Every structure is written in structure tokens, then in C-alpha cells.
Amino acid sequence: MDITPLIDPLNDAQRTAVTAPFQSALVLAGAGSGKTRVLVHRIGWMIQVENLPAYSILAVTFTNKAAREMLGRVESLMQQDASAGMWIGTFHGLAHRFLRRHSAAANLPDTFQVLDSDDQQRLIKRIIRSAELDETRYPPKQIQWYINAHKDEGRRAAHVQTDGTFWETMQQIYKTYEDLCQRSGLVDFAELLLRCLETLRDTPELLDQYRNRFRYVLVDEFQDTNTIQYAWLKLLTQGQNNLFVVGDDDQSIYGWRGARIENIHSFQSDYPDHRLIRLEQNYRSTANILNAANALIANNENRMGKELWTDDKDGDPITVYDAFNEQDEAYFVVNRIKQWVAEGNLREQAAILYRSNAQSRLFEERLVSAAIPYRVYGGLRFFERAEIKTALAYLRLIANRHDDASFERVVNLPTRGIGARSMDAVREIAKAQKCSLWDSTRMLCRDGGLSARAVNALKAFLELIENHAIAADSMPLHDQVRLVIEKSGLIAHYQKEGQEKGATRIDNLKELVNAARQFSNEAEIDAENMKELDLFLSHAALEAGDAQGDTDEDCVQLMTLHSAKGLEFDLVFLVGMEEGLFPGQKSLEEIGRLEEERRLCYVGMTRARQQLVICHAESRRLYGREHRSEASRFLREIPSQYLQEIRMQGQVSRPVTAYGNHDKTKTNRDNGDSTSGFMLGQQVNHSKFGTGIILQQEGDGNHARVQINFESAGTKWLVLAYANLTAVS
DNA sequence: GACGGAATCGTTTTT
DNA sequence: CGATTCCGTC
């Protein structure tokens, strides 16, 4: 066995981790230190050198993307099929697989379906309405959060402590929600994990079986695990001391959604024989960037302790640009990108990272007018689109007649004469009989009680679904999908909707048929007896697909700091680095949140390979109001030796630590907003130089001068009295 | 049941 | 400011 490819590409620390004896291990892997490589090679080492059966390995990640990447790299590292039998996937995906296999033990129907958070919210809204509660006092969003937070901590409605009528009502809603999901065969994301944990815990045979099978458990991004995920890992590995986790406490940025950074500390006491390995050599960034990031993160307390280093050269200093306002910031960034592209670099190697999605717009506008292709990450994904969810709801109802959420969604979409009053009657009966909407509709049709017209409409709907189910039974999956979107009248419905929008929706529906075909081709139908349709529907919920269609084009990348985690770019812009925005106002209220914001900043900085540019604006229009803002404290926490502050086009270079003394240099434009009739950041037109934006202003009366950044003519100082500027509206 | 005006709200995101 | 959602009208 030639083990060179397994071992050779590793440094000492990585090799220690990969070849560690089989005991538990905690690998603290800094940004860009090769953590995925360690996991992949560890798996390779276990299979190829230690000759362990792939069957006994369980590898867990947080996102489907990470799972796919790991599997791909494992497969290309080893001979074909060496990894067959290994379980690799997300916490949710693995829990789902378990529940499909053991639905009876988990007390679920074998047709159970996965509820995504949109479905979940609709369901909660329905419960509030049906209980005739005040939606302003019990906002569905907040209730959703309440339910999920409890589930993430492993608490059922019955376990929740109540205090006062408000919380009693909340608990009651939680209880009702649990019952409704159980009756409809619906499982939300948190439920997948909780149900899996409870089933394992309460079924000794299954627990034994899985403990014996998965002798080697590996976890990626361990700092992001929540209470229940860690409990699940502990349950599976208890007494076996075989848990190998990789993570970075400095990159924990999901505390607000339940991730427990403390799990890293608990791990150390729960697995006292563990081995601790630090990966501190960074292969990504220049020394300047790395040192600056180290200095920033050193301001956090309670770290595990870790300092990244590199063999790389110092590189360029970090550029700091203090913009006058958000417009100026966008101009500056886009100009730098133009320059970057002109130097022969790839657009896709430049990324603009911001704290909140709302910040993307200005950059988009500027990029559009500069004719630079870009791609914004985030937003609606394929399986989250309304028309797709509606088509899927038909399929879900076909798969499981008692899926109330789907019933509600499609019963009158497209409209087929089943109005609010009919549905009120249907819900009434369902509530009284504690049965599904489907059964209650059948009762209503049989026993009457509604106008003949309403009954006919309901009957027609029942028949539509039943006929479908019969016809679909013997059909390949993609034909079932095609049939549903045609027969349900969805295509006709969207055709009526009109030009642009309707056409895209119909295209999407057709794409759904393709997605189904592709799913049939690729999905290995596991030994477990699952219907292909059930699997496809779960797949749609668990993997919502990409947000944007794949662009082959070379594009500038725009995304939030959160979604940048795990990625890297040659040139990174960290924009909006201002107090109140980053760190956000709300982060200052709760303890611990500021440190998480700092980690977020650290994550952002360490995305950069070659060049890092940090921008902040002295004034910013936010929610229609003008705000004056100070530079972010994070900026001040970076030693000035790594920074180079610039004004327009690098004219002035000042040490950034002098922020406190800036006022003198600033005064001449601080009150410059109104004296000339022009505003900083305003677009103006000049007869000779064309359009530009006002950057600075000084002096008054006849001596008043403004600095303007012209789109084509560059930056110029002009005397207002002679410039003859006109405002561009 | 479609359309339009008013009201509301405004980190971060995956599963 | 701008997007989304909600409610009332035709």
C-alpha cells in the first residue's frame, strides 16, 4: 500500500491529526489551515492504512455543500468504491435517513414529510388563527422561534416551564403544533434531530446497532453544533471514545441560532482521553492580513488559544478607505474592481462582503452602471419558490392525504370555487373530529351541510387528487411531476398571470420536471423500502438548491459575511465597517454578542488571500434616515502598522490610530451639506467633465470648492462659483 | 378574487 | 427608503 499521497501533502500538525490513534480528538483548525484536508485524509488513512471498513465510518457536516465536497475529495483520494458504505451527510440528512429506516420505531408514518421553515410558519399561522388568538400578541415568527429554540434544546411542549398566562398560551400553541404535525405526518428541521435522538435513546436495540456500526465518528465545524446535535453525538459515541471533531472557536458565528460554542469545552471534559491538536499554519493569506486578524481576535476572552502564522510574504498593507457616505463607498469599491480587472485579474476573485443583505443594492447599482458582471449570494432558492412549493404540495398530498399543510396550500390554488366559507366548515369539522382536513372534507361531502355548489367543488378536488394518485402509481417520477403540474391547472393559472412573471414560473415548473428526472437517475434507491416520490419530496425540503442559476460567467461576488465562511478570494472588500452597523446596534445589547461580531469580522478578514480593503462611511442613509457614524471599533483594534489609510485615489496617507484626532481635518466638510445647495455624495453634471459625485467640500461663498469624482474624467477640485454644476436627479 | 393603497418593518442562515 | 404584507373595495 502506497501511503505517500495520504501523508505527503500534510504538515506536521495535520499529519498528527490524520494518523492519530483511535481515541477521541479535538482538532482546532484555524482559518485556511487545511481542516477539510485533515478530515478527508483521516478517512483515507482509516480505510487504506488501518483497513477499517468504510461501513463503520460516520462523517457529519452542516451543509449539503460541505458533505458533497468531502465525499468528492474522499473519492478522488482513494480508489473507486473504497468509501462505499460510509455514511456522510448533514446532521439533518443523516437523521432523516435514520427516521426513514426506522419510522415505526420513531412513531412516524412511513410517508412522513419534511417541513421547511416556510411551511412551518404557515402551519403556526393557521394554528393561531384557528385558536382565534391575536396575531399581534402572538406573532407567528416569534412562536416559530420559540418552538425551534425549545426543540434545539431538546424540550418538548410538555417539558416547558410556564409562568403566567402568556407563556401558558405559548406552550399551548407549541403543544397544538406538535399534535398537528404528528397527525399530519410532518417533521420540521429541529424535529428530525430531536426525534432521531429520542428514538435512539428509547430503543436499546437500535442504539446498540448504530453504536456498533459507527465505530468512527467525524464531525466538521464542531463549533457550530447545538445542544441536541452534541447530545446525539454523545449518545452514539458514549463509552467508545471514538469521536473526532474539527472546529474553530474563533469562527463560531451562529450562536444566535442555537450553536453552542461551549460544546468545545464540554467535549474536553466529556472525552477526557481526547487528544488536542492545533492547526495554526495558514496557507491562504499574506502575513499582514493574518497578523491583523490575529490582533483583532485577541480582543476576545475565553478563547481556546490559537495564533495563525504563515510562510508567505508580508504582502500589501490592508487598505482602509473612509468614505463620505455610502455612495462614495460604492464608487470607491467599484473603481478598485475596475482597476483589478484592468490589471488582468479575474472578477470572480474579488468579493464584496457586508454585514446585512440590504447593503448589496448600492454596489449592484454601481456595478451595473460600470457594466461589471456580478453575482449576489443568498435570496430565494429553487425549491423555495412559491410555484415550486405549490407543485410540491400537490405531490405531497398525493403521497400523504393527511398532510394538512399541503392541503391548505393547494385546495384552492388555482381557484376552483372553494372559498373561505367552505374551508371554514372543513376546518371546523377537522377540529371537532380531530382528523385531517382530507378526512373532514370527505365527511362534509358525504353528509352535506354546505351548498350543492360548494360540495361539488370539494368533491372535484378530492377526485382530482385521487385520480392522480391512481394514475401516478405506475409512472416514472418525472412523469408524475409533469402530470401534476398540468392536471392541477397550475400551468394554465400562471399563463393567465401575464407576461414576464408567469413565464418564469412556468419555466421553473418545467425545470422541476427535469429536477425529478435527474433525481431518479442519481439517487441510489437505498435498501430501505421508500417510495421514490417520498424521497424526492424530502430531498426538496432538505436541499433547497442553489439560489442563482449557475453562471459560467466570470463574476464579482457579493455576499454577507456569514455566507462567506469557508470561501476565499484574492481581493476582499469588507464594507460598512461602522459602529451601529458592524458591530450592529443590537449586538451591543446582549452579552457575548459583541464577541461573536468580532469573530464575524475575523472570518471576513481571513477570507482574503492577497488584498484586503476595509471601508467605512462617515455618513450613511439607512431606512430613509441619515446617520452619522464612527468607524467600527474593530478597525481600531487592528494595529496601524498593518494598515494604510487612503483618501481619494490614495492621495493622503494617515495612521488610522489617529481617529480620535480626526475632527480638525474633518470640520471643513462636516457642515458642508447645505452651504452650496449641493450635498456630499450627490450626483452632478459638469459641461466638460460629465457626471460625477461630490466627495468633499470646503470654504464658503465665492471661495467654496468641491471635490468631484467624475465617471470618466477622474477626481477634480472645482471652484463652485465657476463650475456651473447642475444636479442630476 | 384581483387590484391597489395603507401599514408595517427593517441583522446574520442552514437544515 | 423600499419591500412585503395586509386589508378593503370593486
Side-chain angles (χ1 to χ4, degrees), chain A residues 60-67 89-97 114-121 125 129 135-136 139-141 145 148 151-152 187-194 196 220-221 224-226 228-229 252-259 326 353-362 365 377-381 383-384 386 412-420 493 496-498 538-547 559-566 576 580-590 593-594 596-597 599-601 603-604 620-627:
Chain A
V60 198
T61 64
F62 273 85
T63 65
N64 293 301
K65 196 176 147 214
T90 63
F91 279 102
H92 297 267
L94 296 166
H96 172 254
R97 192 193 291 201
V114 180
L115 217 54
D116 71 17
S117 49
D118 186 59
D119 300 329
Q120 186 185 33
Q121 206 182 104
K125 215 175 247 176
R129 290 196 179 147
E135 273 182 67
T136 49
K141 259 237 145 78
W145 188 86
N148 289 337
K151 284 195 183 187
D152 283 345
V187 176
D188 63 45
F189 288 132
E191 184 75 28
L192 283 169
L193 302 173
L194 182 53
C196 180
D220 191 16
E221 306 276 21
D224 287 338
T225 50
N226 64 26
I228 206 133
Q229 287 160 340
S252 161
I253 55 174
Y254 287 112
W256 52 273
R257 67 174 195 209
E326 75 283 356
L353 309 183
Y354 35 79
R355 178 66 239 266
S356 80
N357 287 305
Q359 288 168 260
S360 74
R361 250 205 23 229
L362 276 168
E365 284 170 13
Y377 283 72
L380 265 197
R381 281 112 43 114
F383 286 111
E384 288 169 352
N412 203 31
L413 183 73
T415 49
R416 44 174 74 90
I418 300 172
H493 173 75
K496 270 188 284 179
E497 196 182 56
S538 303
H539 166 80
L542 285 168
E543 185 161 359
D546 276 333
M559 69 190 82
T560 62
L561 286 155
H562 281 92
S563 29
K565 191 168 107 167
L581 193 63
F582 187 31
Q585 204 62 60
K586 287 178 183 145
S587 324
L588 304 174
E589 290 158 14
E590 218 177 311
R593 296 292 286 280
L594 181 66
E596 184 157 308
E597 293 280 297
R599 292 194 289 268
L600 191 56
C601 185
V603 166
R620 180 179 295 272
R621 183 166 271 274
L622 202 62
Y623 303 142
R625 210 166 290 275
E626 199 84 25
H627 291 276

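For clarity, every value in this text was computed on a predicted model and none was experimentally measured. We name chains A, B, ... by the order of the sequence lines, and we start the count at 1 in each one.
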*Asks:* In whole Å, measure the gap between the C1' atoms of C:dT5 and B:dT12 for me.
*Replies:*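 Rounded to whole Å, the distance is 22 Å.
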*Asks:* Would you say the side-chain atoms of A:N148 pair up with the backbone N or O of A:G258, donor to acceptor, closer than 3.5 Å?
*Replies:*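 No, A:N148 side chain to A:G258 backbone: no donor-acceptor pair under 3.5 Å.
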*Asks:* Mind telling me whether A:H539 and A:F383 have parallel, tilted or perpendicular rings, with 30° and 60° as the class edges?
*Replies:*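 A:F383 vs A:H539 ring planes: perpendicular.
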*Asks:* List for me each residue that meets salt bridge (charged side-chain N to carboxylate O under 4.0 Å, His left out) alongside A:R361, sequence neighbours excluded, and say none if there are none.
*Replies:*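 Applying salt bridge (charged side-chain N to carboxylate O under 4.0 Å, His left out) to A:R361 gives A:E365.
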*Asks:* Can you tell if the side chain of A:H627 reaches within under 4.5 Å of the side chain of A:R621, non-hydrogen atoms only?
*Replies:*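 Heavy-atom side-chain distance check fails, nothing below 4.5 Å.
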*Asks:* Between A:R361 and C:dG2, does any side-chain N or O lie under 4.0 Å from OP1 or OP2?
*Replies:*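 For A:R361, the contact criterion (side-chain N or O under 4.0 Å from OP1 or OP2 of C:dG2) is met.
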*Asks:* Please give, in whole Å, the distance from B:dT13 C1' to A:D116 CG?
*Replies:*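 In whole Å, B:dT13 C1' lies 13 Å from A:D116 CG.
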*Asks:* Is there any protein nitrogen or oxygen under 3.5 Å from a nitrogen or oxygen in nucleotides 10-12 of chain B, and what are the pairs?
*Replies:*
{"unit_1": "B:dT11", "atom_1": "OP1", "unit_2": "A:K586", "atom_2": "NZ", "d": "3.4"}
{"unit_1": "B:dT11", "atom_1": "OP1", "unit_2": "A:Y623", "atom_2": "OH", "d": "3.2"}
{"unit_1": "B:dT11", "atom_1": "OP2", "unit_2": "A:Y623", "atom_2": "OH", "d": "3.2"}
{"unit_1": "B:dT11", "atom_1": "O5'", "unit_2": "A:K586", "atom_2": "NZ", "d": "3.4"}
{"unit_1": "B:dT11", "atom_1": "O4", "unit_2": "A:R593", "atom_2": "NH2", "d": "2.0"}
{"unit_1": "B:dT12", "atom_1": "OP1", "unit_2": "A:N357", "atom_2": "N", "d": "2.9"}
{"unit_1": "B:dT12", "atom_1": "OP1", "unit_2": "A:N357", "atom_2": "ND2", "d": "3.2"}
{"unit_1": "B:dT12", "atom_1": "O4'", "unit_2": "A:R355", "atom_2": "NH2", "d": "3.2"}
{"unit_1": "B:dT12", "atom_1": "O2", "unit_2": "A:W256", "atom_2": "NE1", "d": "3.4"}
{"unit_1": "B:dT12", "atom_1": "O2", "unit_2": "A:R355", "atom_2": "NH2", "d": "2.4"}

*Asks:* Quick one: classify the glycosidic conformation of B:dT11 as syn or anti, with syn meaning within 90° of 0.
*Replies:*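 For B:dT11, whose glycosidic angle is within 90° of 0, the conformation is syn.
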*Asks:* From CG of A:D118 over to P of C:dT4, roughly how many Å is that when rounded to an integer?
*Replies:*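 Rounding to the nearest Å, CG of A:D118 and P of C:dT4 are 14 Å apart.
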*Asks:* Starting the side chain at C-beta, find the nucleotide from C:dG2, C:dC1, B:dT15 nearest to A:R621.
*Replies:*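 So the side chain of A:R621 is nearest to C:dC1.
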*Asks:* Please list each protein N or O that sits under 3.5 Å from an N or O in nucleotides 6-10 of chain C, with the distance.
*Replies:*
{"unit_1": "C:dC6", "atom_1": "OP1", "unit_2": "A:K125", "atom_2": "NZ", "d": "3.4"}

*Asks:* Give each protein N/O atom lying under 3.5 Å from an N/O atom of nucleotides 1-8 of chain B, with the pair distance.
*Replies:*
none

*Asks:* Expressed in angstrom and rounded to an integer, what is the separation of A:D152 atom CG from B:dT13 atom C1'?
*Replies:*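 Taking CG of A:D152 and C1' of B:dT13, I get 13 Å after rounding.
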*Asks:* Per the side chain to side chain contact (heavy atoms under 4.5 Å, CB included) rule, which among A:I228, A:T225, A:L192 passes with A:F91?
*Replies:*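 Passing option: A:T225.
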*Asks:* Between B:dT14 and A:N64, is there an OP1 or OP2 to side-chain N/O distance shorter than 4.0 Å?
*Replies:*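 Answer is no, no contact under 4.0 Å.
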*Asks:* Is there side-chain contact between A:L353 and A:M559, with at least one heavy-atom pair below 4.5 Å?
*Replies:*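 A:L353 reaches A:M559 side chain to side chain.
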*Asks:* Starting from P on B:dT15, measure out to CG on A:D119 and report it in whole angstrom.
*Replies:*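 Between P of B:dT15 and CG of A:D119: 15 Å.
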*Asks:* Tell me whether A:D224 is salt-bridged to A:K565, with the criterion being a basic N under 4.0 Å from an acidic carboxylate O.
*Replies:*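 Salt bridge flag = yes for A:K565 with A:D224.
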*Asks:* Hey, mind stepping through A:R599 and A:E596 against salt bridge (charged side-chain N to carboxylate O under 4.0 Å, His left out) and telling me if it holds?
*Replies:* CA-CA 5 Å; A:R599 292 194 289 268; A:E596 184 157 308; 3.5 Å; yes
*Asks:* Could you tell me how far apart A:W145 (CH2) and B:dT13 (C1') are, to the nearest whole angstrom?
*Replies:*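 Result: 15 Å.
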*Asks:* Let me know the distance between CG of A:D188 and P of B:dT14, rounded to the nearest Å.
*Replies:*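 After rounding, the gap between these two atoms is 18 Å.
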*Asks:* May I have the step-by-step check of salt bridge (charged side-chain N to carboxylate O under 4.0 Å, His left out) for A:E135 and A:K125, ending in yes or no?
*Replies:* CA-CA 8 Å; A:E135 273 182 67; A:K125 215 175 247 176; 5.5 Å; no
*Asks:* Using whole Å, report how far CD of A:Q121 lies from P of C:dT4.
*Replies:*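 That distance rounds to 15 Å.
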*Asks:* For A:N226, check side-chain hydrogen bond (donor to acceptor under 3.5 Å, both in side chains) against everything at least two apart and list the hits.
*Replies:*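 side-chain hydrogen bond (donor to acceptor under 3.5 Å, both in side chains) check on A:N226 returns nothing, list empty.
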*Asks:* So A:D118 and A:E384, do their side chains get closer than 4.5 Å, heavy atoms only?
*Replies:*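 Sidechains of A:D118 and A:E384: no contact.
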*Asks:* Please report the distance separating the P of C:dT4 from the corresponding atom of B:dT11, rounded so that it comes out in whole Å.
*Replies:*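 Roughly 14 Å separates the two P atoms.
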*Asks:* Please identify each residue that fulfils salt bridge (charged side-chain N to carboxylate O under 4.0 Å, His left out) with A:R620, with sequence neighbours left out.
*Replies:*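 Result, salt bridge (charged side-chain N to carboxylate O under 4.0 Å, His left out) vs A:R620: A:E329, A:E578.
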*Asks:* Atom CD of A:Q120 to atom C1' of B:dT14: distance rounded to whole Å?
*Replies:*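 After rounding, the gap between these two atoms is 13 Å.
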